[in-house]
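Take a look at the structure below.
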2 protein chains.
Amino acid sequence: MHTSPEDRHCSVARSLDIVGDRWSPLIIRDVALGVSRFDAMQRDLGISRKVLTQRLQALIDHEVLEKVAYSEHPPRFDYRLTEKGNDLTMVVLALQQFGDKWLVGEEGPPLLWRHLGCGELSSPVVCCDRCGEQVAPGDAVPVKGPGFREEDGPGLSAAIDALHALVE
Amino acid sequence: MHTSPEDRHCSVARSLDIVGDRWSPLIIRDVALGVSRFDAMQRDLGISRKVLTQRLQALIDHEVLEKVAYSEHPPRFDYRLTEKGNDLTMVVLALQQFGDKWLVGEEGPPLLWRHLGCGELSSPVVCCDRCGEQVAPGDAVPVKGPGFREEDGPGLSAAIDALHALVE
DNA sequence: CAGGTGGGTTCCCAATGGGAACTTACGCTG
DNA sequence: CAGCGTAAGTTCCCATTGGGAACCCACCTG
């Protein structure tokens with residue numbers, strides 16, 4: 001029986017049903033960067049083979065990865081990100097940004113990004129899709145959306161009302 | 001003994017050491033939205049009291065949350081996000097965005113955001129901090145940074161080289 | 001034909017998580 | 001002033017998960 005987040009009516013909880021463990025985000029990062037085979041991932045991550053098998057299967061079940069044979073006889077596979085899986089790289093990017101800022105030593109971040117659009121080394125920042133301005137935590141307030149349910153998140157509902165009372 | 005990601009030299013892995021489980025991101029979301037007390041979180045999330053205690057302590061140990069007494073005799077506490085913890089809301093936001101796009105039914109997302117800067121209901125998007133353009137997965141290529149170590153991520157190193165060979 | 005590689009599966013053991021009950025300390029209410 | 005409610009945990013038992021190492025099978029290469 002699930003008392004876990006999976007049946008909650010909440011986007012964050014539902015996403016965590018897919019990437020809410022220690023390994024799935026790292027698997028997605030590896031696949032995104034081109035480490036796409038079972039043994040390569042296992043060596044690269046130091047994950048146990050059993051758990052890697054389970055995680056890959058779960059990610060495939062969630063249609064985040066797909067398994068593409070690059071040889072039959074013997075059967076050999078590449079794991080690829082689906083379109084849905086590609087969108088999960090934004091979560092990985094957020095994790096990386098946080099780690100770069102708070103968790104690396106003086107040697108600096110292990111990985112940087114070059115934006116192909118402008119050619120510069122860049123950091124990803126979060127912006128408002130309406131005005132294009134950069135958004136920091138606190139620059140936006142939550143609003144109950146069409147799918148909001150009072151029943152799952154009773155305390156949450158009250159907390160949001162309280163926030164609005166402050167802002168208004 | 002840890003064979004887990006925590007001692008790897010990788011920003012994503014290190015971040016996962018803090019939020020790499022089913023509950024921590026939800027706890028951070030709740031605190032960010034104003035659900036800041038033990039019982040309120042426990043009811044709101046449906047998490048077991050034991051695990052909630054463990055997670056809160058871990059988040060405090062990582063300096064993501066702080067415990068502020070709002071009453072002594074009897075001792076009662078609010079949990080607050082530190083500055084570091086505030087930055088983790090970007091990870092939660094990424095999870096929410098993904099869930100909103102791929103995992104909610106036709107009833108629509110449960111939570112929206114109003115950007116205080118422009119007043120509009122907005123979605124967070126990822127932009128390049130150099131040119132300000134929106135960045136989609138694939139619009140940026142990874143580059144080895146100052147802290148890159150060949151030894152942890154041997155396959156990764158080769159994969160990045162392979163990517164560069166493609167782009168150049 | 002021995003050894004290596006890719007992609008797993010199996011087994012055992014230790015750690016983790018859920019659930020429910022128990023605790024402590026106070027404040028309120030009849 | 002007895003009893004109930006609330007906040008914040010703690011404790012116990014049991015089921016599930018994860019790590020590690022070994023095993024397996026099909027093929028390729030020297």
Side-chain angles (χ1 to χ4, degrees), chain A residues 1-8 13 16-27 30-31 35-61 65-80 154-155 158-159, chain B residues 1-8 13 16-27 30-31 35-61 65-80 154-155 158-159:
Chain A
M1 206 80 355
H2 307 283
T3 318
S4 355
E6 51 248 40
D7 33 26
R8 305 202 103 244
L16 288 171
D17 203 25
I18 301 182
V19 286
D21 72 290
R22 218 167 196 59
W23 293 112
S24 299
L26 289 170
I27 291 171
D30 264 26
V31 174
V35 180
S36 60
R37 299 184 186 174
F38 188 94
D39 270 39
M41 291 187 230
Q42 195 267 318
R43 273 193 302 275
D44 199 63
L45 299 177
I47 186 177
S48 99
R49 306 176 76 75
K50 182 180 65 167
V51 178
L52 180 55
T53 305
Q54 290 168 356
R55 287 291 159 273
L56 287 171
Q57 192 52 55
L59 291 171
I60 290 168
D61 292 346
L65 292 183
E66 54 193 358
K67 199 171 173 178
V68 183
Y70 66 91
S71 145
E72 320 177 15
H73 291 321
R76 290 298 135 85
F77 309 97
D78 271 322
Y79 292 90
R80 303 255 184 84
Chain B
M1 208 82 352
H2 307 284
T3 318
S4 355
E6 53 249 40
D7 33 30
R8 306 202 100 244
L16 288 171
D17 202 24
I18 301 182
V19 287
D21 71 288
R22 214 166 201 61
W23 293 111
S24 299
L26 289 171
I27 291 171
D30 264 27
V31 175
V35 180
S36 60
R37 298 182 185 175
F38 189 94
D39 271 37
M41 291 188 229
Q42 195 267 319
R43 274 193 301 274
D44 199 62
L45 300 177
I47 185 177
S48 99
R49 306 177 75 77
K50 182 179 66 168
V51 177
L52 179 55
T53 304
Q54 290 169 356
R55 287 291 158 273
L56 287 171
Q57 191 53 54
L59 291 171
I60 289 168
D61 291 346
L65 292 183
E66 55 191 358
K67 199 172 172 176
V68 183
Y70 67 92
S71 144
E72 319 175 18
H73 291 319
R76 292 295 135 85
F77 308 97
D78 271 323
Y79 292 90
R80 303 255 185 83

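No experiment lies behind these values; they were computed from the predicted model shown.
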Round to a whole Å and report the spacing from [atom1] of [X] to [atom2] of [N].
X       : N      : atom1 : atom2 : value
B:Arg76 : D:dG5  : CZ    : P     : 16 Å
A:Leu56 : C:dG7  : CG    : P     : 11 Å
A:Gln42 : D:dG18 : CD    : P     : 16 Å
B:Gln57 : D:dA8  : CD    : P     : 15 Å
B:Ile47 : D:dT10 : CD1   : C1'   : 15 Å
A:Asp78 : C:dG8  : CG    : P     : 12 Å
B:Arg49 : C:dG17 : CZ    : C1'   : 16 Å
A:Leu52 : D:dG19 : CG    : P     : 11 Å

Considering only heavy atoms from C-beta outward, does the side chain of [X] approach that of [Y] to under 4.5 Å?
X       : Y       : result
A:Val31 : A:Met41 : yes
B:Asp30 : B:Tyr79 : no
B:Leu16 : A:Trp23 : no
A:Asp78 : A:Arg37 : yes

Out of [options], which has the shortest distance to the side chain of [X]?
X       : options               : value
A:Arg55 : D:dT17, C:dC12, C:dT5 : D:dT17
A:Pro74 : C:dG17, D:dA7, D:dC28 : D:dC28
B:Thr53 : D:dT10, D:dA7, C:dG7  : D:dT10
A:Phe38 : D:dA26, C:dG8, D:dG9  : C:dG8

Q: Identify, between B:Lys67 and A:Ser48, the residue whose nearest nucleotide on DNA chain D lies closer to the 5' end.
A: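 By nearest-heavy-atom nucleotide position, the 5'-most residue is B:Lys67.
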Using OP1 and OP2 only, check whether a side-chain N or O of [X] sits under 4.0 Å from [N].
X       : N      : answer
A:Tyr79 : C:dG8  : yes
A:Trp23 : D:dT17 : no
A:Lys50 : D:dC23 : no
A:Gln54 : D:dG18 : yes

Q.
Working to the nearest 0.5 angstrom, can you tell me the gap between A:Leu45 CG and A:Ile27 CD1?
A.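 That separation rounds to 6.5 Å.
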